[in-house]
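A short worksheet on the structure shown next.
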Protein chains: 2
Amino acid sequence: MHHVVIIGCGFGGLAAARELARADVRITLIDRSNHHLFQPLLYQVATAGLSAPAISAPIRSILADQRNLTSLMAAVTDIDVNGKAVTLEDGTRIDYDYLVVAAGSTHSYFGHDEWAPLAPGLKTLEDAFDIRRRILMAFEYAERETDPAKRAEWLTFTVIGAGATGVEMAGTLIEIARHTLSGEFRKIDPHAARVVLLEGSERVLGAYPADLSEKARLQLQKLGVDVRTSSRVTDIDAECVRYTDAAGEQRLASRTVIWSAGVAASPLGKALGVPLDRAGRVQVSPELTIAGHPEVFVIGDLAAAISDGKPVPGVSPAAKQMGRVAGRNILHRIAGTALESFQYRDYGSLATIGRKAAIAMVGKFKFSGYAAWLFWLFVHVYFLIGFRNRMLVMSDWAWAYMTFKRSARVISTLVPDHPVDANGERKPVEAARD
Amino acid sequence: MHHVVIIGCGFGGLAAARELARADVRITLIDRSNHHLFQPLLYQVATAGLSAPAISAPIRSILADQRNLTSLMAAVTDIDVNGKAVTLEDGTRIDYDYLVVAAGSTHSYFGHDEWAPLAPGLKTLEDAFDIRRRILMAFEYAERETDPAKRAEWLTFTVIGAGATGVEMAGTLIEIARHTLSGEFRKIDPHAARVVLLEGSERVLGAYPADLSEKARLQLQKLGVDVRTSSRVTDIDAECVRYTDAAGEQRLASRTVIWSAGVAASPLGKALGVPLDRAGRVQVSPELTIAGHPEVFVIGDLAAAISDGKPVPGVSPAAKQMGRVAGRNILHRIAGTALESFQYRDYGSLATIGRKAAIAMVGKFKFSGYAAWLFWLFVHVYFLIGFRNRMLVMSDWAWAYMTFKRSARVISTLVPDHPVDANGERKPVEAARD
């Protein structure tokens, strides 16, 4: 029986696994987490609007009934395409007949990895918890801060990168400051919080047509977000962000910075020994295989796939479609029948901005505002995995909508007996002051 | 206006704060976390049955409307009873006219603090997440383990201490192994998991009458828990627990150990400079004040209070009642009226064992089994803070009861590129093996 190894249980890997559900193959699915994550809603965990279990499900639970599949919680550290085996973090080698590499992407800091601890990105639940903690702690630090300048720094939130994630984070941060925390502090007024959205290009949501970009910018500004385009970040430290715009070098005093400006493919791409593009993505054939190894498929964010002459975007629906095609192509190879070429079906794009607005683009049909937002809600709930998650998310959102309260504000870290900075690093005690 | 400082927002501190809601005082409530925790249900987070937001609520949210109260997320590191001030972790001093110390308790390892990283206790959300991760990872490691002896070690769970928490953890662990994870693994059968409950004294649930203890033991054994009383732990390492029983020294190979055998009062008790009992609890007057300082009240788990000649137990209802009396006594002091003596009203005790049984004792009325379990459910949901939390917990439990699925199984930690042991510490890579 042929052994199919799938690396990664995101949208791509999961789709490939399910496509082979009734096939006469043996499947090993390897992921370094124990859960499948519904990434489009990860920013809601980061902004305390949803709890982690609402947008994720244990892999074993999802695939328990697929008897031809074994899942392993492990990290793949190397791929031997000639020996047809993958290596796990403890040295175990697993042989394969067919391999689907769906290891996804991670953050890119454009060569400035030293920014990573200061400006976390949002890709995993750990990222979301970290960002959530920083956001909530910023208000706590502001409440205790006696120096007005420092207090203003704690109440200034910077989001770098105005793609969908950045726009969603910025809109939600404003909602937290204006509504959720309203009335809960005594020394500060959360309304005084500023949210600055920095974008290097000229438009927010650059992947959308210019008129929708403009609508998004206006909606953000109406919410109170300070949108600064054509602003390229040059440095980040614990107290400020430096960037360059048309007027020259600028300094923005801000102690909470969130990164959503760059994505890089998983380092596993390098292990395949084939050409990569500038973002580290693997060049694949129309059938989603790599050069010289028709038994190895690369899908999702890790793949630089082309469809109808255009690059396939790194979005969830594309990953799912690629996963299904990879699965079917494995069966074609086994049966000796012709493989499919991957054809990306663009079902549209959605981005939400705050609690009642969004922009949406489905084919040539563009809309924005409240109707787009309802559509966004519906689509995201529909595509969640599992009835229970849908119920949970809908009830959390109904509650939040009615009360402005956010459901998942609890942070588990405690204040230790010594002072720490925003990264949790110990800092020297200042002189006692009343 | 008099300034009341309250240290701790557990059951005691929160009750004291609320008692003063309409008083003409200024209150500062200090807690090192941002939330109030419903501790009786913490073991459910530890066993992946509930998410953290279901049993906790942000302090600011609970007390937003109490205008005479400011809350601070900070750690109190010292108390100057003569200078009437508390010191925070960053050196800030806060003066008070009245002080309520409700800092609670922590784990005690009977002088063996080196056991703490190996055998976590369950007091905070961080503890619960840690335990949950260890439990779920134990099954993951077992699935990957090729050596049958090591696999059995991964599938052996030890709970030390058969008080209510230990009994509840043991009963739930069995449920996880027998039901929740059933069918989800391919190389191991989770049913093969063993749960051993070690208790130094002769009975489980020693605080209950002997006949209820016996019923609890039988229910545990019926569920499949290996109950070993008169077993005193002498050593714990990463692979086993050593203990002494009537037959002599014993060695139990187990890689997941949970500690619920000892409680110690918060170290803040020492800062008060008054006599402490053996567990570090502060001796208090009948009015809950300390010797020489009638403006300082100590309540909850930190207090060694006496009522009707008997020690007041360290349980949530007692802490609440003490909080209310401390609050009222502060008002008496301000008004110059007579203080109340604390009278503990024992409304009964409950402990649940697995999914359908419990034991309960209300005054002289004792009952067990399914009726006790329903009562336990009702009481816990009723006393939760907040309508929304009640809805969440009831829906989570209804789901779990119908499906045996546990709602909060997602762990956020990922497998890193190097192998780690159960504590997350890096370990050397073994030779590659197929």
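Naming: A, B, ... by sequence-line order, numbering from 1 per chain. Side chains included, hydrogens not; waters and symmetry mates left out as well; all remaining heavy atoms used.
Proximity to chain B (any heavy atom under 4.5 Å) is restricted, for A/T124, to the side chain, taken from C-beta onward. A/F185 touches chain B through backbone and side chain together, each having a heavy atom under 4.5 Å away. For B/L37, no part lies near chain A; criterion is any non-hydrogen pair under 4.5 Å.
Residues passing the side-chain contact (heavy atoms from CB on, under 4.5 Å) test with A/A142 are A/R151, A/W154, A/L155, A/I188, sequence neighbours excluded. Partners of B/F139 under the ring pair (Phe, Tyr, Trp, His ring centres under 6.0 Å) rule, at least two apart in sequence or in another chain, are B/F157.
The candidate with the highest count of non-hydrogen atom pairs below 4.5 Å against chain A, out of B/S56, B/A74, B/S33, is B/A74.
Between B/R67 and A/G183 the shortest heavy-atom distance is NH1-O, 3.5 Å.
Residue B/T180 holds its OG1 atom at 14.0 Å from CZ of A/R60, rounded to the nearest 0.5 Å. Here CG of A/L136 is found 12.0 Å from NE2 of B/H35. Values are rounded to the nearest 0.5 Å. For the atom pair CD (B/E140) and CD1 (A/I59), the distance works out to 8.0 Å, reported to the nearest 0.5 Å. Between B/E143 atom CD and A/T70 atom OG1 the span is 6.5 Å, to the nearest 0.5 Å.
A donor-acceptor pair under 3.5 Å is absent between the side-chain atoms of B/R186 and the main chain of A/S71, judged by distance alone.
With a 6.0 Å radius and a threshold of 12 heavy atoms from other residues, nucleotides or ligands, A/D147 has its CG atom above the threshold.
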**Request:** Dump the intermediate steps for salt bridge (charged side-chain N to carboxylate O under 4.0 Å, His left out) on A/R144 and B/E89, then the final yes or no.
**Result:** CA-CA 12 Å; A/R144 294 176 65 180; B/E89 88 285 357; 3.1 Å; yes

